[in-house]
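Accompanying notes for the structure given below.
Just so you know, these numbers come straight off a predicted model, no measurement behind them.
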Amino acid sequence: QVQVVESGGGLVQAGGSLRLSCTASGGTFDDRNMGWFRQAPGKEREGVSCISVSGGTTYYANSVKGRFTISRDNAKNSVYLQMNSLKPEDTAMYYCAPCIEYANEYGWGPAWGHGTQVTVSS
């Protein structure tokens with residue numbers, strides 16, 4: 001069974017940067033689109049980003065577009081999320097999950113790991 005570990009979260013000031021990692025063990029996800037979603041207390045679950053199997057196509061939520069960059073390294077069974085110009089509203093638990101695109105809409109499956117906390121102070 002494939003398991004993932006998310007890492008790289010932490011506490012940063014507004015305007016700072018973090019790089020999140022999602023690494024699989026017990027298998028691979030190199031045959032799946034992978035992405036990130038986040039969830040914070042009092043907020044709805046929000047799909048953040050998605051990347052295709054080859055890495056050639058990416059999607060970003062409008063709230064993070066221009067600030068976040070998703071990438072993957074299938075040889076390392078890893079997906080990354082570079083987060084720049086962080087804002088307090090980015091504070092949330094971040095999870096990696098498979099994602100899909102169909103008819104110009106995107107969806108994210110259940111989290112495969114326990115997530116990593118990102119906290120942005122003002």
Side-chain angles (χ1 to χ4, degrees):
Q1 295 181 328
V2 178
Q3 300 184 82
V4 305
V5 176
E6 297 105 330
S7 62
L11 173 64
V12 298
Q13 295 185 3
S17 298
L18 288 171
R19 183 176 175 86
L20 308 185
S21 297
C22 172
T23 300
S25 62
T28 67
F29 47 55
D30 59 2
D31 61 345
R32 297 177 175 88
N33 300 335
M34 293 295 295
W36 297 84
F37 70 85
R38 63 189 183 186
Q39 190 163 25
K43 292 186 177 181
E44 300 289 339
R45 165 177 152 153
E46 179 184 21
V48 173
S49 189
C50 182
I51 187 168
S52 62
V53 171
S54 68
T57 302
T58 57
Y59 163 84
Y60 300 95
N62 288 335
S63 58
V64 307
K65 194 174 298 182
R67 300 187 297 118
F68 291 10
T69 303
I70 190 169
S71 61
R72 69 190 300 164
D73 186 341
N74 289 338
K76 297 181 178 179
N77 292 326
S78 295
V79 179
Y80 309 98
L81 187 68
Q82 178 67 44
M83 306 185 297
N84 298 327
S85 301
L86 283 162
K87 304 174 180 179
E89 50 263 45
D90 295 318
T91 296
M93 187 73 75
Y94 284 70
Y95 303 88
C96 67
C99 51
I100 59 172
E101 182 272 323
Y102 184 75
N104 297 316
E105 295 196 1
Y106 289 81
W108 288 257
W112 284 6
H114 293 103
T116 185
Q117 178 68 39
V118 172
T119 303
V120 184
S121 65
S122 60

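Of all the heavy atoms in S85 and D90, the pair that sits closest is O-OD2, 4.5 Å. Of all heavy-atom pairs between P98 and P110, the closest is CD-O, 4.0 Å. Closest heavy-atom contact between E46 and S63: OE2-OG, 2.7 Å. S52 and G56 make their closest contact through OG-N, 3.2 Å (heavy atoms, listed as atom of the first residue, atom of the second, distance). Taking all atoms of both residues into account, the shortest heavy-atom contact from N74 to V53 is ND2-O, 3.1 Å. What you find for N84 and S17 is that their closest heavy atoms are OD1-OG, 2.9 Å.
No chain of hydrophobic side-chain contacts below 4.5 Å, direct or via other Ile, Leu, Val, Met, Phe, Trp or Tyr residues, connects V64 to W108.
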Derivation of the side chain to side chain contact (heavy atoms under 4.5 Å, CB included) call for C50 and E101: CA-CA 9 Å; C50 182; E101 182 272 323; over 6 Å; no
Derivation and outcome, side chain to side chain contact (heavy atoms under 4.5 Å, CB included), residues K76 and S21: CA-CA 11 Å; K76 297 181 178 179; S21 297; over 6 Å; no
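Atom OG in S122 sits 9.0 Å away from atom CD in Q13 (nearest 0.5 Å). Atoms NE2 and OG, from H114 and S7 in turn, are 14.0 Å apart once rounded to the nearest 0.5 Å. The CG atom of N33 lies 11.5 Å from the OG1 atom of T58; values are rounded to the nearest 0.5 Å. With rounding to the nearest 0.5 Å, the separation of CD1 in I70 from CD in Q82 is 12.0 Å. Distance check, rounded to the nearest 0.5 Å: OH of Y60 to CG of N62 gives 13.0 Å. Atoms SG and CG, from C22 and N77 in turn, are 10.0 Å apart once rounded to the nearest 0.5 Å.
The shortest distance between side-chain heavy atoms of F29 and W112 falls below 4.5 Å. Between L81 and S49, some side-chain heavy-atom pair lies under the 4.5 Å cut-off. Between V48 and M83, the closest side-chain pair of non-hydrogen atoms is not below 4.5 Å. Looking at T91 and R38, their side chains never come closer than 4.5 Å, going by heavy atoms from C-beta outward. Between W36 and E6 the shortest side-chain heavy-atom distance falls below 4.5 Å. Using a 4.5 Å heavy-atom cutoff, the side chains of F68 and L18 are not in contact. The shortest side-chain heavy-atom distance between Q39 and M93 does not fall under the 4.5 Å cut-off. Side-chain contact check for V79 versus C96: every heavy-atom pair is 4.5 Å or farther apart.
R32 places no side-chain N or O within donor-acceptor distance of the main-chain N or O of A97, the cut-off being under 3.5 Å. In this structure, the side chain of R72 does not engage the main chain of G55 through any donor-acceptor pair within 3.5 Å. Without hydrogens or angle criteria, K43 side chain to E89 main chain gives a donor-acceptor distance under 3.5 Å.
Shown here are the ring-ring contact (aromatic ring centres under 6.0 Å, His included) partners of Y95, two or more places apart in sequence or in another chain: F37. Looking at residues two or more places apart in sequence or on another chain, you find a side chain to side chain donor-acceptor pair (under 3.5 Å) between S78 and T23.
Ring geometry for Y106 versus Y59: interplanar angle under 30°, hence parallel rather than tilted (30 to 60°).
Open room surrounds CD on Q3; 12 or fewer heavy atoms of other groups in view lie less than 6.0 Å from it.
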